[in-house]
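Since the structure comes first, as structure tokens, the remarks are kept for the end.
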Amino acid sequence: MTSQIDEFTVAAIQMVSTPRVAENLAVAADLIAEAVAGGARLVALPEYFPLIGATDVQRLDARESEQGGPIQSWLAEMAAKHSIYLFGGSIPLRANTADKMLNTMLVFNPEGQPIGRYDKIHLFSFEQGSEKYCEADIIEAGPPKPVVVDTALCRVGLSICYDLRFPELYRAMIGQ
């Protein structure tokens, strides 16, 4: 484990994303710069920050390979430009199943190098009358294994949104 410091600033970015990736990246870049100007050394973006509100087809079309893509390059560039640890909320990556995607958080160090990856494990579903929402329709669950990232600032356990409802994930992170 890397050494830790006693005090540092974390920024949790909130934004109103749209289905337009380029527009969302521009807004996120401004918010990251603002957070860094305020002293943030670790910045976390929200789930689906590059394209929320998109249709399933749009999200599937935006999938990137695990070898890279424009969103991943942008995340690496932002981390290096601002010399921060950047937690990339989540982005769509290609899954093993052709018509699905992974909901993936990527973490980059201050040099812009990837240091962590977490594929969302717990997929949300809801059905009441005619209202139905099922992430598993287009998202493939990640491996049921906790992911913890060591930074020079602290250790961080990775999870995405609905994972909060499953405390066993966080209990398992303690031993990592």
Measuring from Glu135:CD to Ile160:CD1, what's the distance to the nearest 0.5 Å? 9.5 Å
Lys120 side, atom NZ; Met101 side, atom CE - distance, nearest 0.5 Å: 9.0 Å
To the nearest 0.5 Å, how far apart are CG in Asp137 and CG in Leu123? 10.0 Å
To check you understand the geometry: which heavy-atom pair defines the closest contact between Ile121 and Lys145, and what is its length? CD1-N, 3.7 Å
Validation: residues 76-94 side-chain donor-acceptor distances under 3.5 Å, sequence neighbours left out:
from  : atom 1 : to     : atom 2 : distance (Å)
Tyr85 : OH     : Ala152 : N      : 3.0
Ser90 : OG     : Tyr48  : N      : 2.9
Ser90 : OG     : Asn103 : OD1    : 2.6

Look at the side-chain heavy atoms of Ile, Leu, Val, Met, Phe, Trp and Tyr, link any pair under 4.5 Å apart, and say whether Trp74 and Val36 land in one connected group. yes
Let me check something: do Ile13 and Val21 share a hydrophobic cluster, defined by ILVMFWY side-chain heavy atoms less than 4.5 Å apart, either directly or through other members? yes
Leu106, Val149: one ILVMFWY side-chain cluster at the under-4.5 Å cut-off? no
Do Asp119 and Arg117 have side chains that approach each other closer than 4.5 Å (heavy atoms only, starting at C-beta)? yes
Closest heavy-atom pair, Pro50 versus Asn24, reported as atoms and distance to 0.1 Å, is O-ND2, 2.7 Å
Just wondering, more than 12 heavy atoms not from Asn96 lying within 6.0 Å of its CG? no
Rounded distance (nearest 0.5 Å) linking atom SG of Cys154 with atom CZ of Arg41: 10.0 Å
Note: Ala141 and Leu102 closest approach over all heavy atoms is O-CD2, 4.4 Å
Min side-chain heavy-atom separation Asp99-Ile138 under 4.5 Å: no
Carboxylate-amine/guanidinium proximity below 4.0 Å for Asp163 and Arg165: no
Got a sec, which residues hit ring-ring contact (aromatic ring centres under 6.0 Å, His included) with His122, two or more places apart in sequence or on another chain? Phe166
Answer with yes or no whether the hydrophobic clustering places Leu25 together with Val107; edges join I, L, V, M, F, W, Y residues whose side-chain heavy atoms lie under 4.5 Å apart. no
Does the side chain of Thr55 reach to within under 4.5 Å of the side chain of Arg59, using non-hydrogen atoms? no
What closest approach, in Å, do Ile115 and Asp150 show between heavy atoms, and which atom pair accounts for it? CD1-O, 4.1 Å
Could you check whether Ser159 and Tyr170, counting side-chain N and O atoms only, form a donor-acceptor pair closer than 3.5 Å? yes
If hydrophobic clusters are built from ILVMFWY residues whose side chains come within less than 4.5 Å, do Val147 and Leu164 share one? yes
Is the backbone of Gln72 close enough, under 3.5 Å, to the side chain of Glu64 for a donor and an acceptor to pair up by distance? yes
Hey, does the side chain of Ser17 reach the backbone of Phe49 with a donor-acceptor pair shorter than 3.5 angstrom? yes
Closest non-hydrogen contact found for Glu47 with Ile52 is O-CD1, 4.2 Å
Within a 6.0 Å radius of atom CD on Gln128, are there more than 12 heavy atoms belonging to other residues, nucleotides or ligands? no
side-chain contact (heavy atoms from CB on, under 4.5 Å) assessment of Leu169 paired with Met173: CA-CA 7 Å; Leu169 175 62; Met173 287 179 188; 3.9 Å; yes
Surrounding CD of Glu34 (heavy atoms of other residues, nucleotides or ligands, distance under 6.0 Å), is the total greater than 12? no
Look up atom CG in Leu31 and atom CD in Gln14, then write down how far apart they are to the nearest 0.5 Å. 10.0 Å
Can you give me the closest heavy-atom contact between Leu45 and Ala28, atom names plus distance? CD2-CB, 4.2 Å
Return the CG to CD1 distance between Asp30 and Ile32, rounded to the nearest 0.5 Å. 9.5 Å
Any side-chain heavy-atom pair of Lys132 and Phe126 under 4.5 Å: no
